[in-house]
There are 2 protein chains.
Amino acid sequence: MSSDATTIPTFSPLYRQIKALMLRALEAAEWRPGEMIPSEVDLAVRFNVSQGTVRKAIDELAADGLLLRRQGKGTYVASHADAGSREGTRFLRLIPEDGQPQTPQSVPLECWRAKAGHEAARILQVAFGAPITIVRRLLKFSGRPAVVEEIYLPGELFDTLDLEMLQQYQGQGTFYGLLESHFGVRMLRAEERIRAVIADPLNARLLEIEQGQPLLSVERVSYTYGNRPVEWRQSLYSTAAHYYLNELS
Amino acid sequence: MSSDATTIPTFSPLYRQIKALMLRALEAAEWRPGEMIPSEVDLAVRFNVSQGTVRKAIDELAADGLLLRRQGKGTYVASHADAGSREGTRFLRLIPEDGQPQTPQSVPLECWRAKAGHEAARILQVAFGAPITIVRRLLKFSGRPAVVEEIYLPGELFDTLDLEMLQQYQGQGTFYGLLESHFGVRMLRAEERIRAVIADPLNARLLEIEQGQPLLSVERVSYTYGNRPVEWRQSLYSTAAHYYLNELS
DNA sequence: GAGTGGTCTAGACCACTGT
DNA sequence: CAGTGGTCTAGACCACTCC
């Protein structure tokens with residue numbers, strides 16, 4: 001590799017270039033969630049590098065959670081629909097006090113279109129007034145309501161999402177599974193900002209707790225490829241019978 | 001990097017055995033925090049394997065946060081006293097609303113001995129009635145109180161810890177830095193259980209907020225080598241001017 | 001048995017740090 | 001310059017899955 005003397009020489013190892021190429025293939029949906037990607041040898045031929053170099057690229061993509069290696073079978077594109085054991089607690093860290101981590105039941109309440117206000121526009125990186133889709137729903141663990149949330153999505157990407165679709169999809173997978181399979185948008189990572197708030201009458205009723213009780217306010221921004229924000233979510237977690245678990249390392 | 005806990009490993013690759021040997025050396029303090037460990041070639045000779053195998057063992061230990069690789073210099077034992085940029089937010093995820101992540105000022109309030117109750121005994125895995133050391137302190141960001149906490153430590157390990165020591169150490173590093181340098185106990189990972197609660201009069205006064213305001217209750221258990229619990233901490237975070245940030249991936 | 005990922009080795013060379 | 005970690009290659013062999 002030759003470097004231009006006028007530009008700052010930035011060294012990028014070969015395996016990272018391969019990783020970038022594979023990222024493009026993933027983003028372009030050449031390989032789709034749940035599918036198997038070509039074998040290491042095939043990829044080595046395709047990119048004209050050694051198998052070890054392709055291997056290191058795949059290793060990083062797997063560490064990033066984008067690929068899934070299965071010895072003896074192949075390497076697969078990670079999918080929210082995998083129903084992998086980890087999927088239930090990957091993004092929702094709320095756990096019943098007296099039980100194991102479990103996937104809650106989703107109860108869609110409303111779904112409507114709106115125009116992005118200043119905050120939604122800033123966070124979702126769309127124009128002020130651009131169409132957005134808003135979902136309001138409830139999550140229950142063993143029949144007990146634990147979460148109320150409003151989810152703001154850029155309307156461009158999710159223009160056919162409606163309450164009926166949400167209801168039909170109930171029990172068939174997670175919300176992100178729906179977004180991935182029906183809209184081709186895969187959430188890769190998210191940031192949550194957590195604060196303590198007081199329940200207002202409406203949400204207290206939905207969560208079946210008393211007004212004035214403390215709740216966790218969890219504000220989440222989720223990102224897809226290229227660190228593009230595609231979801232803004234404001235949730236209220238009842239911690240009367242559940243807790244938010246975070247592992248630090 | 002991680003192995004499935006549900007399946008019994010039927011085969012242990014060489015690099016994992018090397019990793020286990022290096023873990024023992026770390027635990028036995030043959031290599032101390034902040035120090036450089038032998039070079040890859042030296043370790044390859046010592047363990048009678050190839051450099052690549054030692055390399056993979058080191059890679060995993062570095063990924064686990066136990067070692068720190070510095071190209072051109074060597075591999076170092078990670079230390080809480082490194083004052084690495086990440087150290088401030090590694091275990092404390094509280095961030096001022098209007099500023100950058102920063103390390104808070106610690107204000108020790110009390111430090112006393114006690115006997116472990118049932119809960120402390122269970123969590124710290126010591127006998128009921130065993131001696132424990134309790135620290136009560138306040139954390140401030142830019143002079144504003146944000147956290148009140150009580151820290152429960154097994155008395156065996158920290159029998160000389162007192163208020164004077166805590167006060168003298170103020171500003172010289174983090175609490176975990178003190179435990180590491182003065183008591184040889186290094187925290188490797190922790191679990192936090194987060195709930196929303198209402199401030200009682202005492203803690204409201206300490207946090208300079210009004211009684212009845214909502215707070216985050218953060219219960220932390222920290223572990224050292226061998227998943228041994230060595231700290232139980234109960235904290236109250238004021239989220240009036242701060243938020244708890246969690247990155248999901 | 002064929003095909004996949006996983007391990008281990010040996011050697012060459014590159015990039016970074018300090019002397 | 002020497003010493004360190006970082007990259008890349010090529011090949012042999014092992015472990016796992018499925019036909």
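The shown structure was predicted, so the numbers you read here are calculated from the model rather than taken from an experiment. Lettering of chains follows the sequences in order, A, B, ..., and the numbering in each one begins at 1.
Electrostatic pairing of E180(A) and R186(A) counts as a salt bridge here, judged by a charged N lying under 4.0 Å from a carboxylate O. Using a cut-off of 4.0 Å between Lys/Arg side-chain N and Asp/Glu carboxylate O, R69(A) and D59(A) are scored as salt-bridged.
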Annotated protein contacts, base or backbone, on nucleotides 2-9 of chain D with a non-hydrogen cut-off under 4.0 Å, one of B, S, - each: -BBBBBSB

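Cation-pi check for R189(A) over Y223(A) is met; the charged atom lies under 6.0 angstrom from the ring centroid and within 45 degrees of its normal.
Within the structure, ring pair (Phe, Tyr, Trp, His ring centres under 6.0 Å) contacts touching residues 167-189 of chain A (residues at least two apart or in different chains) are H80(A)-Y176(A), F91(A)-Y176(A), F158(A)-F183(A), Y169(A)-H182(A).
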Evaluation steps, salt bridge (Lys or Arg N to Asp or Glu O under 4.0 Å), between E156(A) and R228(A): CA-CA 14 Å; E156(A) 303 277 333; R228(A) 181 179 171 197; over 6 Å; no

